[in-house]
Protein chains: 2
Amino acid sequence: MKALVEQVEGILKFRGKRLTKQRRLIIETLKNLQGHFDVQDLHRRVEEADHRISLSTVYRTVNLLKELGFLRALDIGEGYTLYEVVPEFEHHHLVCIRCGRIVEFHCEHCEAIHRRLAENYGFEIVSSQVVLQGYCPKCREELNTEAL
Amino acid sequence: MKALVEQVEGILKFRGKRLTKQRRLIIETLKNLQGHFDVQDLHRRVEEADHRISLSTVYRTVNLLKELGFLRALDIGEGYTLYEVVPEFEHHHLVCIRCGRIVEFHCEHCEAIHRRLAENYGFEIVSSQVVLQGYCPKCREELNTEAL
DNA sequence: TTATATGCAAACAATTTGCATCCTG
DNA sequence: CAGGATGCAAATTGTTTGCATATAA
């Protein structure tokens, strides 16, 4: 499997776009940044390597990578957007509505069901997201203790 | 089944909150407003009945109703939040990434799977969301015709 | 060389908040 | 009456954009 940077480079060129040093740096950072992040997180990390990279460039690059299909928005946020590198294997999220903890899970059953469902409606599915919202074990315990 | 207003009224009182005429109006409007809406939509509708109700009051009330569990955020949006009245029976969404069309579907299989999954992780699920993103039948056809 | 990218600051849009006033309980 | 709720306008915040300048191809 080719490095992310090279994959992106190919597609960029194909579209008449350029691989600038800022974009290269952002992509490299992305590789080491696993899990979920928002644009400001990413900007902070990128700044560690080169503090002259502007926030708008990071925004622009994230949007570009989203269009190119390398990143996707999670839509779990509270007023801001979380992103993740599009994973090789689909996975979903358990979100604690009290402490915000996010647990990822994989579910083959879900995939199969989604595919069948989409077919019924004539949709061609590009990606699927399952978000289960509730209380994580820790918060459940704390809620019991506090007896709110 | 009691009217929504009465349900909310009970809980409000219980929490030392008040049922003002603005809140009552918003809740009544909500009843006749099915499907998905954002806060500005709701405000527009509420204004039809009383144009002196401020946008901030609508925002505050929506947040309140969300906390109380009568509304929930859909997190499908593009820069703004969509809400829906928490439905008696869970349902999910097919979203067309080209034209934005949203189709609701119900899926008992999904429910069962989610419950089992959550159990495995010790989560107590309050609500679940499935968002399948792709191309709706109409857009699929148009894309084929245009031969982009 | 030349169109694409960047950095900066200003613009935006959705949402929140401070405060004087109003009104429900 | 007293404390919660409202309306208004100002403030915040995440994100986008215009423009002069820098740079990849």
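Here is how names work: the chains are called A, B, and so on, in the same order as the sequence lines, proteins then strands, and each is numbered from 1.
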Side chains of [X] and [Y]: closer than 4.5 Å at any heavy-atom pair?
X      : Y      : answer
Y80(B) : Q40(B) : no
E28(B) : V5(B)  : yes
T20(B) : T57(B) : no

Rounded to whole angstrom units, what separation is found between the [atom1] atom of [X] and the [atom2] atom of [N]?
X      : N       : atom1 : atom2 : answer
D50(A) : dG7(C)  : CG    : C1'   : 12 Å
E9(A)  : dA5(C)  : CD    : P     : 13 Å
L74(A) : dG14(D) : CG    : P     : 17 Å
L65(B) : dA5(D)  : CG    : P     : 12 Å
H51(A) : dT6(C)  : NE2   : P     : 17 Å
E67(A) : dA5(C)  : CD    : P     : 11 Å

Practice item. Evaluate whether atom NE2 of H106(A) has more than 12 neighbouring non-hydrogen atoms of other residues, nucleotides or ligands under 6.0 angstrom away. Key: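 More than 12 within 6.0 Å, yes.
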Exercise for review: Might you confirm whether atom OH of Y83(B) has over 12 heavy atoms from other residues, nucleotides or ligands at distances under 6.0 Å?
Suggested key: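 Result for OH/Y83(B): enclosed.
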Practice item. With a 4.0 Å heavy-atom cut-off, tell me which residues in residues 11-24 of chain A come close to DNA chain C, sorted by residue number. Key: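 Those residues are G16(A), K17(A), R18(A), T20(A), Q22(A), R23(A).
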Review point. With sequence neighbours left out, which residue pairs that include part of residues 7-44 of chain B fulfil the ring-ring contact (aromatic ring centres under 6.0 Å, His included) condition?
Key: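 Qualifying pairs, neighbours excluded: H36(B)-H93(B).
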Check your understanding: Are E119(A) and R115(A) within salt-bridge range, i.e. N to O under 4.0 Å?
Key ->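 Salt bridge: no.
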Check your understanding: Taking only residues two or more places apart in sequence, or in another chain, which ones meet K21(A) in a salt bridge (charged side-chain N to carboxylate O under 4.0 Å, His left out)?
Key ->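 Expected list: none.
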**Study point:** Euclidean distance, I53(B) CD1 relative to H51(B) NE2, rounded to 0.5 Å
**Key:**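 With rounding to 0.5 Å, NE2 (H51(B)) is 10.5 Å from CD1 (I53(B)).
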Review point. Between the side chains of H91(A) and E84(A), does any donor sit under 3.5 Å from an acceptor?
Key: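 E84(A) and H91(A) do have a side-chain donor-acceptor pair below 3.5 Å.
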Exercise for review: For F105(B), check ring pair (Phe, Tyr, Trp, His ring centres under 6.0 Å) against everything at least two apart and list the hits.
Suggested key: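 F105(B) satisfies ring pair (Phe, Tyr, Trp, His ring centres under 6.0 Å) with H92(B) only.
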Exercise for review: Please round to 10 degrees the angle between the axis of the first five pairs and the axis of the last five pairs in the helix from dT1(C)-dA25(D) to dG25(C)-dC1(D).
Suggested key: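 Angle reported: 40°, given to the nearest ten degrees.
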Study note, to complete from the structure: With B for base contact, S for sugar-phosphate-only contact and - for none (protein heavy atoms under 4.0 Å), nucleotides 8-17 of chain C reads BB----SBBB
